[in-house]
Amino acid sequence: MQKIISPSILAADFSNLQAACEMINQSDADWIHIDVMDGVFVPNISFGFPVMEAIKKHCKKFIDVHIMIVHPEKYVKRFADAGAQMLTFHYEAAENPQEVIDLIRKEGIKVGITINPDVPVAVLKPYIDKVDMVLLMSVFAGYGGQKFIEESYARLDELKNLVEELNPDCMIQVDGGVALENAAKLYAHGANVLVAGSSVFKAADPVGMIRELLKV
Ligand code: DX5
Ligand code: ZN
């Protein structure tokens, strides 16, 4: 499957998101990753719809939105209207994951489902053939700049096996602590979409870093 980098603007300078969008526009990244946190599902609050709408105005890449919120079913339409082209919700946050999947499909956008590192991969089994992407969190959702959890490779292997069996077209995304040091190993274990926040935005040359992350 094609390798994709999705730079997470959580690590960008929020006083100049236009510059962050322009950097991504001129880079080899195909996607932009937007992290929405509600202070309830995760202990942190990031930003919401007005910021997403501002990003949409300046961004030419595929808008990949990761929602870390309770009651995802309530906000699907708002996220789609604000520009989400892929909406990834947490299995743990949904009372009825299938309902959320159906609501996202109704908006005509792509669907992703995700789990934190302490949730067994097997819980995803009933949903793998219903979604376009599974996001395997390699840190606990809530903050950028955390250390990559090494156990994620074994979880990726398990997920890759399920995806091959149930829905070979399903993309596998990894998010948290992704950098030049682990990118090749993540691709080798079946990931094809890498979210990269700090490693891109704290790099001296973010465009160059995105190129490197694709080349490894
Ligand atoms: C964390 C977010 C990530 C975050 C990744 O909850 O989902 O997308 O921005 O940041 P880094 O790449 O710095 O670990
Ligand atoms: Zn994320």
Side-chain angles (χ1 to χ4, degrees), residues 4-12 14 31-48 51-52 64-75 79 84 86-97 100-101 104 111-128 131 133-160 162-163 170-183 185-187 189-202 213:
I4 293 169
I5 299 297
S6 194
S8 167
I9 51 124
L10 192 64
F14 283 2
W31 293 12
I32 178 172
H33 186 82
I34 299 185
D35 290 296
V36 178
M37 305 177 183
D38 68 352
V40 181
F41 178 67
V42 289
N44 195 15
I45 298 178
S46 55
F47 48 74
V51 173
M52 281 187 58
D64 161 36
V65 180
H66 173 196
I67 53 172
M68 288 156 268
I69 65 168
V70 295
H71 296 301
E73 72 284 353
K74 282 194 192 166
Y75 298 99
F79 282 111
M86 156 89 77
L87 191 58
T88 300
F89 69 97
H90 275 263
Y91 163 86
E92 313 92 293
E95 272 170 36
N96 181 348
V100 183
I101 292 170
I104 299 172
V111 186
I113 190 166
T114 181
I115 49 171
N116 263 314
D118 60 348
V119 178
V121 170
V123 303
L124 296 173
K125 208 172 167 184
Y127 307 105
I128 286 178
V131 297
M133 185 178 83
V134 173
L135 160 57
L136 198 73
M137 290 303 298
S138 43
V139 300
F140 281 88
Y143 296 92
Q146 302 180 73
K147 193 176 171 302
F148 178 85
I149 298 173
E150 295 291 324
E151 286 75 20
S152 306
Y153 297 116
R155 289 165 59 75
L156 255 182
D157 294 341
E158 196 183 341
L159 176 61
K160 177 73 180 157
L162 286 176
V163 163
C170 182
M171 293 180 277
I172 298 179
Q173 185 178 54
V174 174
D175 182 6
V178 172
L180 221 41
E181 298 71 50
N182 54 24
K185 196 165 170 187
L186 289 168
Y187 294 130
H189 283 259
N192 76 296
V193 188
L194 300 185
V195 175
S198 314
S199 62
V200 165
F201 284 97
K202 309 290 180 236
L213 286 166

- Does Phe140 offer a backbone N or O that forms a donor-acceptor pair with the side chain of Gln146 under 3.5 Å? yes

- Here the pair of heavy atoms bringing Ile69 nearest to Ala93 is O-CB, 3.2 Å

- Task: Nearest 0.5 Å please: distance from the CG atom of Asn192 over to the CD1 atom of Ile172.
- Result: 7.0 Å

- Task: Please examine the side chains of Ser199 and Leu180, heavy atoms only from C-beta on, and report whether any two atoms are closer than 4.5 Å.
- Result: no

- side-chain contact (heavy atoms from CB on, under 4.5 Å) with Thr88: which residues, sequence neighbours excluded? Asp64, Met86, Thr114, Met133, Leu135

- Would you please test Phe89 and Ile113 for side chain to side chain contact (heavy atoms under 4.5 Å, CB included) and show each step? CA-CA 5 Å; Phe89 69 97; Ile113 190 166; 3.8 Å; yes

- Heavy atoms, side chains only, cut-off 4.5 Å: are Val178 and Val195 in contact? no

- Should Ile115 and Arg155 count as side-chain neighbours, where that means a heavy-atom distance under 4.5 Å? yes

- How many angstroms lie between atom CG of Asn96 and atom CD1 of Ile101, to the nearest 0.5 angstrom? 9.0 Å

- Item | Partner set under side-chain hydrogen bond (donor to acceptor under 3.5 Å, both in side chains) for Glu181, not counting sequence neighbours | none

- Task: May I ask you to decide if Val119's main-chain N or O and Glu92's side chain share a donor-acceptor pair within less than 3.5 Å?
- Result: no

- Query: In terms of heavy-atom contacts, does OH of Tyr75 have more than 12 from other residues, nucleotides or ligands at under 6.0 Å?
  - Reply: no

- Hits for side-chain contact (heavy atoms from CB on, under 4.5 Å) against Lys202, two or more places apart or cross-chain, chain-then-number order -> Ala11, Ser198

- Can you check whether Met137's main-chain N or O pairs, donor with acceptor, with Asn116's side chain at less than 3.5 Å? no

- Mind checking what makes side-chain contact (heavy atoms from CB on, under 4.5 Å) contact with Phe148, not counting sequence neighbours? Ser138, Glu150, Ser152, Tyr153, Val174, Asn182, Leu186

- Mind checking what makes side-chain contact (heavy atoms from CB on, under 4.5 Å) contact with Pro126, not counting sequence neighbours? none

- Note on the structure: Taken to the nearest 0.5 Å, the spacing of Ile67 CD1 from Ile34 CD1 works out to 12.5 Å

- One should read off an interatomic distance between Leu159 CG and His189 NE2, to the nearest 0.5 angstrom, of 13.0 Å

- How many angstroms lie between atom NZ of Lys160 and atom CG of Leu136, to the nearest 0.5 angstrom? 13.0 Å

- Message: On a heavy-atom basis, which atom in Ala94 and which in Val100 lie closest, and how many Å separate them?
- Response: CB-CG2, 4.0 Å

- Side chains of Val134 and Val121: closer than 4.5 Å at any heavy-atom pair? no

- Message: With a 4.5 Å cut-off on side-chain heavy atoms, are Leu10 and Tyr143 touching?
- Response: no

- If you round to the nearest 0.5 Å, how far is OH of Tyr187 from CG of Leu213? 6.0 Å

Sequence neighbours left out, cut at 3.5 Å: what donor-acceptor pairs do the side chains of residues 35-47 make with other protein atoms?
unit_1	atom_1	unit_2	atom_2	d
Asp35	OD1	His33	NE2	2.9
Asp35	OD1	His66	ND1	3.0
Asp35	OD2	Ser8	OG	2.8
Asp38	OD1	Val40	N	2.8
Asp38	OD1	Phe41	N	2.7
Asp38	OD2	Val70	N	2.9
Asn44	ND2	Gly142	O	2.9
Ser46	OG	Asp35	O	2.7
Ser46	OG	Met37	N	2.9

